[in-house]
Amino acid sequence: DESERVEEVIEGVSSDELRAFVFDVLAANPGLRSQFRARFDDSGKPVEEYRDKIETLFDEHTQDYPVVTDAIVFSHFFELAEQYREREHYRAAATVYRALFEGIDDNHVRIDAAYDHYAKALRSALDGYVDCVLAVDPSDSEFEQYASVLETQAISEPRINEEEFRRALDDFKDRR
């Protein structure tokens, strides 16, 4: 454990030097940058940015074969959402969960194996979304906007995950 030594070094570094170091490290490491933003930035990113990253994962896993034959690891997104939840930034967490369930659902035609993995990830993302939106205590108009996201996914073609989206929507309305 080098924590004592690291602490000593940090004590001897100026705030400008430390800031420059952190900036350089975050610029070079997207995963760490996301963790940093989840911890210190209340706004999060737009859902499209997260969905683009999920789409890229599917693209990477289908480079050699037209369908995904293994389990894509989404733990980074779940960890990010959890960091937002721990800080009670429920809207930002809900955005991450939304990107996950939309990304998985939108790419269902590219999934050829590990169905259970994707079903569990979809369900976890839906449950997280519902929990976070309800924690916000949305106004009636906000509630309808959040519910419409679930309704839109439920009726999107083909309706392979319709049952899951309807379950989440019912849970969402029942707990309101």
Side-chain angles (χ1 to χ4, degrees), residues 26 29-62 68 71-111 114-176:
L26 295 177
N29 187 326
L32 193 56
R33 186 172 52 246
S34 292
Q35 288 180 339
F36 178 84
R37 288 191 69 194
R39 181 147 189 183
F40 298 107
D41 181 6
D42 299 340
S43 63
K45 296 179 184 178
V47 70
E48 293 79 18
E49 283 189 44
Y50 296 119
R51 266 202 323 253
D52 288 347
K53 289 180 180 184
I54 293 164
E55 188 69 25
T56 298
L57 287 173
F58 276 96
D59 290 343
E60 289 170 358
H61 281 77
T62 57
V68 178
I72 296 175
V73 178
F74 298 112
S75 59
H76 166 74
F77 296 98
F78 284 108
E79 290 166 5
L80 189 60
E82 189 56 36
Q83 288 176 352
Y84 282 124
R85 287 176 84 162
E86 287 172 1
R87 295 182 56 234
E88 298 181 2
H89 296 291
Y90 298 113
R91 282 184 174 86
T95 299
V96 176
Y97 288 127
R98 176 183 170 187
L100 273 165
F101 68 68
E102 287 179 345
I104 293 168
D105 188 52
D106 292 348
N107 281 286
H108 73 276
V109 296
R110 300 196 315 178
I111 297 170
Y115 300 112
D116 196 42
H117 166 77
Y118 294 101
K120 287 178 183 176
L122 181 85
R123 178 172 278 210
S124 293
L126 284 167
D127 291 345
Y129 178 81
V130 169
D131 290 345
C132 288
V133 169
L134 292 173
V136 169
D137 192 23
S139 67
D140 289 342
S141 64
E142 287 177 314
F143 182 83
E144 290 305 317
Q145 288 174 336
Y146 287 116
S148 73
V149 168
L150 298 172
E151 290 170 351
T152 299
Q153 285 301 125
I155 62 172
S156 66
E157 292 293 335
R159 295 182 177 179
I160 194 159
N161 293 310
E162 178 180 9
E163 187 176 313
E164 281 299 316
F165 286 105
R166 296 263 179 229
R167 178 198 58 81
L169 187 58
D170 290 344
D171 183 35
F172 188 51
K173 289 179 178 179
D174 289 346
R175 291 173 50 195
R176 171 86 163 138

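Formation of a donor-acceptor pair under 3.5 Å by the Ser156 side chain with backbone atoms of Gln153 is found in this model. Side-chain N or O atoms of Asp105 include none that pairs as donor or acceptor with a backbone N or O of Phe101 at under 3.5 Å. For Tyr146 (side chain) and Leu134 (main-chain N/O), no donor-acceptor pair under 3.5 Å exists by modelled atom type. Looking only at distances, no side-chain donor or acceptor of Arg175 sits under 3.5 Å from a matching main-chain atom of Asp131.
The aromatic rings of Phe172 and Phe143 sit parallel to each other, their planes meeting at less than 30°, with 60° as the upper class boundary. Ring planes of Phe58 and Phe74: tilted class, angle from 30 to 60°. A tilted orientation is assigned to the rings of Tyr97 and Phe78, their planes being inclined by 30° to 60°.
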Criterion side-chain contact (heavy atoms from CB on, under 4.5 Å) on Ile155 and Arg166, from CA distance to verdict = CA-CA 9 Å; Ile155 62 172; Arg166 296 263 179 229; 3.4 Å; yes
List the steps and the verdict of side-chain contact (heavy atoms from CB on, under 4.5 Å) for Glu102 and Ile54.
-> CA-CA 9 Å; Glu102 287 179 345; Ile54 293 164; over 6 Å; no
Evaluate the side-chain contact (heavy atoms from CB on, under 4.5 Å) criterion for residues Glu55 and Asn107: first the C-alpha distance (whole Å), next the side-chain angles of each, then the deciding distance (0.1 Å), finally the verdict.
-> CA-CA 8 Å; Glu55 188 69 25; Asn107 281 286; 3.0 Å; yes
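In this structure Ser141 satisfies the side-chain hydrogen bond (donor to acceptor under 3.5 Å, both in side chains) test together with Ser139, sequence neighbours excluded. Taking Glu82 as the reference, nothing meets the salt bridge (charged side-chain N to carboxylate O under 4.0 Å, His left out) condition, with sequence neighbours excluded. When the salt bridge (charged side-chain N to carboxylate O under 4.0 Å, His left out) test is applied to Glu48, no partner is found at least two apart in sequence or on another chain. Among residues two or more places apart in sequence or in another chain, the side-chain hydrogen bond (donor to acceptor under 3.5 Å, both in side chains) test is passed with Asp170 by none. Taking Asp137 as the reference, nothing meets the side-chain hydrogen bond (donor to acceptor under 3.5 Å, both in side chains) condition, with sequence neighbours excluded. Legend: residues meeting side-chain hydrogen bond (donor to acceptor under 3.5 Å, both in side chains) with Asn29, ordered by chain and number and at least two apart, are absent.
Ile111 and Ile104 make their closest contact through CD1-O, 4.3 Å (heavy atoms, listed as atom of the first residue, atom of the second, distance). Residues Ala99 and Tyr50 approach most closely at CB-CB, 3.3 Å, considering heavy atoms. Scanning all heavy atoms of the two residues, the minimum distance from Thr95 to Lys45 falls at CG2-O, 3.4 Å. Of all heavy-atom pairs spanning Asp171 and Val130, the tightest one is OD2-CG1, 3.8 Å. Shortest non-hydrogen contact noted between Arg176 and Asp140 is NH2-OD1, 2.7 Å. The heavy-atom pair separating Glu162 from Ala154 by the smallest distance is CG-O, 3.3 Å.
Taking 4.0 Å as the cut-off between side-chain N and carboxylate O, Glu157 and Arg159 count as a salt-bridged pair. The pair Asp127-Arg123 fails the salt-bridge criterion, with no side-chain N (NZ, NE, NH1 or NH2) lying under 4.0 Å from an Asp/Glu carboxylate O.
Here Ile160 contributes atom CD1 and Tyr115 contributes atom OH; the two are 8.0 Å apart, rounded to the nearest 0.5 Å. Here the straight-line distance linking atom CZ of Arg91 with atom CZ of Arg98 works out to 14.0 Å at 0.5 Å rounding. Interatomic distance, His61 NE2 to Leu57 CG, rounded to the nearest 0.5 Å: 7.0 Å. To the nearest 0.5 Å, atoms OG1 (Thr62) and CZ (Arg110) are separated by 4.0 Å.
Taking a 6.0 Å sphere around CD of Glu163, one finds it holds 12 or fewer heavy atoms contributed by other residues, nucleotides or ligands.
Looking only at side-chain heavy atoms (C-beta outward), Glu88 and Tyr90 come within less than 4.5 Å of each other.
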